[in-house]
Amino acid sequence: MCTAGSSSCIMTGYINTQGWRYEMKARIVDPQVKVYSSTDANAVTFTSLPEGSEVEIASAIKKAGKQWLPITLNTGQKGFIPGETRIYR
């Protein structure tokens, strides 16, 4: 288990058509994680992920001093989760 935005979670990945570099598949460890539409804590949340949800995580993005992780849900929908989200890879 690790914090999603930490350097210990970074692995080699691939670049998708949006230019995001996907590093790994991971499972959410936190009880519930909000998924945001952009890298802004005031952005719309369009879903919440329960513990155990599997996502693809891209390299962390830092905006306004906060780390965010671009993710792709198993439905193909894309969003962002806070960098402090606990994950299992």
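Remember, predicted model here, so these are calculated numbers, not experimental data.
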Query raised in the report: Tell me the salt bridge (Lys or Arg N to Asp or Glu O under 4.0 Å) pairs involving residues 26-36, sequence neighbours left out?
Result: R27-E54, D30-R86
Report task. Determine, step by step, whether L49 and I71 satisfy the side-chain contact (heavy atoms from CB on, under 4.5 Å) criterion, reporting the C-alpha distance in whole Å, the side-chain angles of both residues, the deciding distance to 0.1 Å, and the verdict. Result -> CA-CA 12 Å; L49 300 174; I71 65 166; 4.1 Å; yes
Query raised in the report: What pair of heavy atoms forms the shortest contact from I61 to P70, and how long is it?
Result: CD1-CG, 3.4 Å
**Report entry** Nearest non-hydrogen partners of P82 and V33, listed with the distance
**Finding:** CD-CG1, 4.3 Å
Report summary line: Distance col, row Q77:CD vs T47:OG1, nearest 0.5 angstrom, shows 7.0 Å
Sequence neighbours left out, cut at 3.5 Å: what donor-acceptor pairs do the side chains of residues 37-46 make with other protein atoms?
unit_1	atom_1	unit_2	atom_2	d
S37	OG	V44	O	3.3
D40	OD1	N42	N	2.8

Query raised in the report: If we only count heavy atoms from C-beta on, is the I28 to I81 side-chain gap below 4.5 Å?
Result: yes
Query raised in the report: Which residues pass the side-chain hydrogen bond (donor to acceptor under 3.5 Å, both in side chains) test with K62, sequence neighbours left out?
Result: none
Query - Partner residues of K66 under the salt bridge (Lys or Arg N to Asp or Glu O under 4.0 Å) criterion, sequence neighbours left out - result: E84
Query raised in the report: Can you check side-chain contact (heavy atoms from CB on, under 4.5 Å) on M24 and I87, steps first, answer last?
Result: CA-CA 11 Å; M24 71 177 108; I87 60 170; 4.3 Å; yes
